[in-house]
**Q** 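Please find one structure pasted underneath; my questions will follow.
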Amino acid sequence: MADETDIESILHEKRQFAPPEDFAEHARVDAKKLKSLHELAATDNAGFWGQMARDEIEWHTAFTQILDESEAPNYRWFTDGKLNVSYNCLDVHLTERGERIAIRFEGEEGDTRKITYRELHALVCRFANALKAQGVETGDRVVIYMPMIPEAVIAMQACARIGAIHSVVFGGFSASSLRDRIEDAGAKLVVTADGGRRAGKIVELKAAADLALDGSCPSVETVIVCRRTGQAVNMKPGRDIWWDEVVEAAPEDCQPAWIEAEHPLFLLYTSGSTGRPKGVQHSSAGYLLNAKLTCRWVFDLRSSDVFWCTADVGWVTGHTYVAYGPLAAGATILIYEGAPTWPDGGRFWKNCQRHNVTVFYTAPTAIRALMKLGDELPAQYDLTKLRLLGTVGEPINPEAWMWYRRVIGGERCPIVDTWWQTETGAIMISPMPGATPTKPGSCTRALPGIDADIVDASGEPITKSGAGGYLVIKRPWPSMLRTIWRDNERYLETYWEKFGNRYYVAGDSAHRDRDGYFWIMGRVDDVLNVAGHRLGTMEVESALVAHEQVAEAAVVGQPHDIKGEAILAFVVLKGARPNGSDAEALAGQLREWVAEQIGAIAKPDEIRFADNLPKTRSGKIMRRLLRDIGRGEEITEDTSTLENEGILDQLRKKVPKVPGT
Ligand code: WTA
């Protein structure tokens, strides 16, 4: 574990911004409302959520029990209620908002589509009927491996409509990552596309799916392939069918399946500190409730808004703030297929102008990358329709926050820095834009009903301002994960055991300032956050040792000014340690190898070779030492246990990158 005992506050940010008056005046939640929500939640937490669930969700069968703690920490919410998530995202709008745009789409090449709520309802129903015709039943798992096109959301909503459990796999993951996820979920059907467009290139999704399925994944009976790029792909007879063909005969109406509140809506695989990625399992009602509420509270969403959350549906942000929350709230969403810098770094701002985006939500890594390109690009576009900006995924440095506010928000838009996780399902700690004064770099306070705190290693709350500790959530909340798919032990171990099942342990460290504002400091486990994406160091290490020449590997994160963290891998080979151009060539090969094993996001930024790795007497790799070496810092750790101190010089030695890799 890194920095367990001495995580100390490092930031001293003094700037503060009150909510703009005109925003506060019209906000769904103003200071008075926020106070009353907090009071209500503090007096009767379960009662508060019960009321929210009755107000925000259309139930088919009303629930009588709010929270079931009998199997804590496997909490259950609204258990005897029945509902359908897709019904709550689509059908509820048909009478009053059927002709409003639900989805605006922009392809990377500039092609656009507009889909009204009524049309989206019909598209979802047809695909739901097609899934049924392929034998998919309530509770079956469907893996979705798609580009960022409306069909990705249609497929997710269609699963929800019939009670099938979807597991979306990010299109940037490799065939072998896809295979692992399909196998773990035991998926019956895979939805993919011929390809997707990204940064002027074609992402070969169908080819990767073929590779994943070839000779494995016996549970998969059918692969539905959406035509996007029109390129030639292999279609395996008896297994593969085109999307357009399956929906052709499908009726435009599909009765929603009325499922129980706790029925799993989806699995989403995410990285932990040990082992393979785990299938985080979410519920239907509790998840929907927080997804919708946070859209209304934090993004102040209304049906007149065009909300652009730039996340891919392969991540949780793309689930909660693309596929579900904003549709439940009746807003218009923008889906953009491609890269932020294609054909140039003005693309995000051009999209905002073209689609009249009013609320924009992205990751600090994107803001930092675009900030580097200067103020001239955004200045070419009309961004005056924007009224609110958000960030998620990693701590935002105050400099990037200030740039976002000034250049993108015209000093007019409030910024919501939202802290949450795949496991929490929805935003947990964030300003309310019309009520909470903001400070650059702080996600401010927990939302009403969310009991967040910071505790020390013995689980005692830390009251001293500025002192770091473990971020925990002290009460269950509706959108919390329910378990790890097929591995409840791992659920208990990862999130609850550290403090005797009393608190949900987020795995982040944080501190609070004098005003009680939270400042997230980063992970306390061996999880990296590279460009806002979670990656386990162990996953990268296992990929490396799977290479025939590698005996051992240790991976650590390094500060990176755009990506937040970069990946540094120390590698011990089975044969002799390479030098010069041999080292360069092998480092290049290993980087590519990791990209093939996991996906391009996991490609190490740097690889160094050594004869062995520094270990403690008990055989544990000294990661902290490796981190310090990577940063070029002076070594303060005790290195007397090292068999060979000369190893330190090897570990310090950089291998120059092969040009073009
Ligand atoms: C980090 C993404 C600082 C954190 C929704 C968390 C953040 C992990 C913030 C979850 C934020 C997320 N400030 N750090 N506003 N939001 N994180 O599961 O380390 O992909 O544990 O969910 O991202 O990443 P995940």
Side-chain angles (χ1 to χ4, degrees), residues 2-3 7 10-11 13 168 170 172-173 266-273 277-280 282 287 290-291 294 298 309-322 324-325 361-368 389-398 400-401 404 415-431 436 438-447 452 454 468 470-473 479-481 484 494-495 504-512 517-536 557 563-565 601:
D3 306 68
I7 8 184
I10 39 154
L11 290 163
E13 179 58 52
V168 183
F170 174 53
F173 278 131
F266 65 86
L267 311 177
L268 183 59
Y269 285 81
T270 189
S271 297
S273 43
K278 48 199 178 196
V280 169
H282 277 288
Y287 172 80
N290 287 101
T294 50
V298 177
C309 162
T310 66
D312 191 283
V313 287
W315 309 106
V316 74
T317 311
H319 283 60
T320 310
Y321 300 107
V322 178
Y324 291 110
Y361 189 37
T362 197
T365 185
I367 299 169
R368 287 191 295 263
L389 303 174
T391 74
V392 61
E394 40 175 333
I396 180 163
N397 46 316
W401 195 100
Y404 199 31
I415 296 181
V416 287
D417 174 350
T418 64
W419 178 87
W420 61 295
Q421 310 176 292
T422 303
E423 294 86 342
T424 69
I427 296 169
M428 303 288 278
I429 308 180
S430 164
T436 318
T438 52
K439 302 182 190 186
S442 168
C443 51
T444 76
R445 292 173 181 278
L447 295 182
I454 298 171
Y470 295 93
L471 180 60
V472 296
I473 313 291
S479 65
M480 65 194 298
L481 79 164
I484 297 296
T494 311
Y495 305 107
Y504 166 84
V505 185
D508 278 358
S509 61
H511 70 87
R512 241 175 316 196
Y517 276 29
F518 284 88
W519 298 76
I520 309 294
M521 297 156 73
R523 302 287 306 192
V524 284
D525 51 13
D526 291 322
V527 171
L528 305 175
N529 192 329
V530 180
H533 298 144
R534 258 168 86 164
L535 267 180
K563 299 202 281 187
E565 263 186 306
I601 52 165

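As the structure lists them, so they are numbered: ligands from 1, and atoms in each ligand from 1. Each residue takes its place number in the sequence, starting with 1.
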**Q** Parallel, tilted or perpendicular: which describes the rings of Y287 and Y324, with under 30° parallel and over 60° perpendicular?
**A** perpendicular

**Q** Enter the distance from I454:CD1 to Y470:OH here, rounded to the nearest 0.5 Å.
**A** 13.0 Å

**Q** Could you label the plane-to-plane angle of the H533 and F170 rings as parallel, tilted or perpendicular, counting under 30° as parallel and over 60° as perpendicular?
**A** tilted

**Q** What does the 4.0 Å heavy-atom contact list look like for ligand 1?
**A** V316, T317, V392, G393, E394, P395, D417, T418, W419, W420, Q421, T422, D508, I520, R523, N529, R534

**Q** Using modelled atom types and a 3.5 Å cut-off, is there a donor and acceptor pairing between side-chain atoms of N290 and backbone atoms of S479?
**A** yes

**Q** Quick test of your reading of the model: are E394 and R368 salt-bridged, counting only N-O distances below 4.0 Å?
**A** yes

**Q** Roughly how far apart are Q421 CD and R523 CZ, rounded to 0.5 Å?
**A** 6.0 Å

